[in-house]
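Scope of the values below: all heavy atoms of this structure, side chains included, with no hydrogens, waters or symmetry mates.
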Amino acid sequence: SVGSFFVAAFPNMKFCLAASTLVLASAGVHKVPLTHKPLKIQDRISMERSVNVTYGEFGQPSSIVINNYQDAQYYGSIEIGTPAQSVRVIYDTGSSNLWSSNKKPGLLSKHQYYDHSKSSTYVANGTTFNIQYGSGPVSGFYSADTIAIGENSVESYTFAEVDNTKGLGPAFAIGHFDGICGMGLDDISVDGVK
C-alpha cells in the first residue's frame with residue numbers, strides 16, 4: 001500500500017512528526033487559574049432580566065433588547081506593577097485591551113484596584129481611553145507598567161486605568177471582577193494598543 005511504502009521509504013519521518021507535534025503542543029500551553037462565582041439567588045431575583053422582548057400590534061416581536069447582565073462570572077487574577085498588585089479580570093476573547101479599575105472602592109465593595117502611585121515601574125501615558133462593550137462604555141486613561149498573567153510577565157505594557165465603569169451597570173457593581181483582559185488580536189484593539 002502507499003502508506004507502507006511511505007513509512008518504509010522515510011523511516012525517520014514518523015519520529016520527526018511526533019517530535020515536532022510534542023514541541024509545538026508544549027510551547028503553546030499556558031495555564032492560568034480561573035474562578036467561577038455564581039450570583040446569589042437574591043441577586044438573580046433583583047436584577048433586570050437578560051432579554052427584554054416588546055411585542056407589536058399583531059403579537060410579533062418588535063424589538064429584542066439583550067443586556068450584558070451575566071448570571072455567572074468567570075475571572076482570573078493578574079498582577080500589575082512593582083510590587084505586584086493583584087486584580088481580578090474577565091478574560092475576553094471579543095476584545096483586545098487590558099484595563100483595570102483605578103478607583104478605591106467603597107467600604108462595602110470587594111473590588112480590588114490598581115494604584116499607580118504604589119508601583120516603582122509605572123510610566124505615565126495620559127492618553128484618553130474609551131471602549132464600548134455590548135453593555136455600555138468604560139473610560140479612563142492609558143498607562144504602562146509591568147503585568148503578569150500566570151508565570152508570564154511583560155514589562156512596560158500599555159493598558160488602561162479606568163475611572164468610569166458606569167456603562168457596565170450592575171455587572172460591575174455586583175461583580176467580582178476589577179477589569180477586563182482582552183485576549184483578541186491586535187486588529188480589534190482600541191487605539192491600536194498591542
Side-chain angles (χ1 to χ4, degrees), residues 25-40 68 70 72-133 135-194:
S26 65
V29 175
H30 299 282
K31 294 183 179 182
V32 177
L34 293 178
T35 304
H36 172 234
K37 182 79 174 179
L39 294 178
K40 296 175 186 166
N68 192 18
Q70 302 173 13
Q73 301 164 11
Y74 294 87
Y75 55 87
S77 292
I78 66 169
E79 280 73 42
I80 305 175
T82 306
Q85 299 174 46
S86 184
V87 293
R88 298 161 300 186
V89 294
I90 292 175
Y91 294 103
D92 180 15
T93 57
S95 68
S96 295
N97 292 77
L98 169 64
W99 65 264
S100 172
S101 172
N102 67 358
K103 291 187 79 164
K104 187 173 184 176
L107 293 176
L108 300 178
S109 174
K110 294 184 179 179
H111 281 289
Q112 297 165 329
Y113 68 104
Y114 167 73
D115 182 351
H116 66 245
S117 70
K118 294 181 179 178
S119 175
S120 63
T121 50
Y122 162 74
V123 177
N125 177 307
T127 306
T128 301
F129 169 76
N130 291 294
I131 192 167
Q132 178 73 37
Y133 294 103
S135 55
V138 299
S139 60
F141 55 90
Y142 286 109
S143 293
D145 209 333
T146 300
I147 66 157
I149 301 174
E151 295 178 6
N152 304 296
S153 66
V154 179
E155 295 178 359
S156 300
Y157 185 77
T158 300
F159 69 100
E161 293 186 49
V162 166
D163 50 23
N164 184 350
T165 58
K166 291 178 184 173
L168 298 179
F172 189 79
I174 64 173
H176 288 80
F177 67 97
D178 312 304
I180 292 181
C181 183
M183 304 298 282
L185 299 176
D186 290 352
D187 59 348
I188 62 169
S189 173
V190 172
D191 299 320
V193 172
K194 297 235 179 258

Check ring pair (Phe, Tyr, Trp, His ring centres under 6.0 Å) between Y157 and all other residues, then give those that pass, not counting sequence neighbours. none

Taking only residues two or more places apart in sequence, or in another chain, which ones meet Y122 in a ring pair (Phe, Tyr, Trp, His ring centres under 6.0 Å)? H116

Side chain to side chain, [X] and [Y], heavy atoms closer than 4.5 Å:
{"X": "V138", "Y": "I180", "result": "no"}
{"X": "F129", "Y": "T158", "result": "no"}
{"X": "N102", "Y": "F141", "result": "yes"}

What is the minimum heavy-atom distance between [X] and [Y], and which atoms define it?
{"X": "S139", "Y": "V162", "value": "O-CG1, 3.3 Å"}
{"X": "Q112", "Y": "S86", "value": "OE1-O, 3.4 Å"}
{"X": "R88", "Y": "H111", "value": "NH2-CA, 3.5 Å"}
{"X": "V89", "Y": "C181", "value": "CG2-CB, 3.7 Å"}
{"X": "F159", "Y": "A144", "value": "CE2-C, 4.0 Å"}
{"X": "P105", "Y": "Y113", "value": "CD-CD2, 3.5 Å"}

Interatomic spacing from [atom1] in [X] to [atom2] in [Y] - rounded to 0.5 Å:
{"X": "F172", "Y": "S109", "atom1": "CZ", "atom2": "OG", "answer": "7.5 Å"}
{"X": "I80", "Y": "S153", "atom1": "CD1", "atom2": "OG", "answer": "13.0 Å"}
{"X": "I90", "Y": "Y133", "atom1": "CD1", "atom2": "OH", "answer": "9.0 Å"}
{"X": "N97", "Y": "D92", "atom1": "CG", "atom2": "CG", "answer": "10.0 Å"}

What residues, two or more places apart in sequence or in another chain, satisfy side-chain hydrogen bond (donor to acceptor under 3.5 Å, both in side chains) together with D115? S117

With sequence neighbours excluded, tell me which residues meet side-chain hydrogen bond (donor to acceptor under 3.5 Å, both in side chains) with N164. none

For residues 183-192, which side-chain N or O atoms pair as donor and acceptor with protein atoms under 3.5 Å away, sequence neighbours left out?
unit_1 : atom_1 : unit_2 : atom_2 : d
S189   : OG     : V193   : N      : 3.1
S189   : OG     : V193   : O      : 2.6
D191   : OD2    : Y142   : OH     : 2.7

Side chains of T127 and N125: donor-acceptor distance under 3.5 Å anywhere? yes

Enumerate the residue pairs fulfilling salt bridge (charged side-chain N to carboxylate O under 4.0 Å, His left out) with a member in residues 143-172, sequence neighbours excluded, ordered by first and then second residue. none

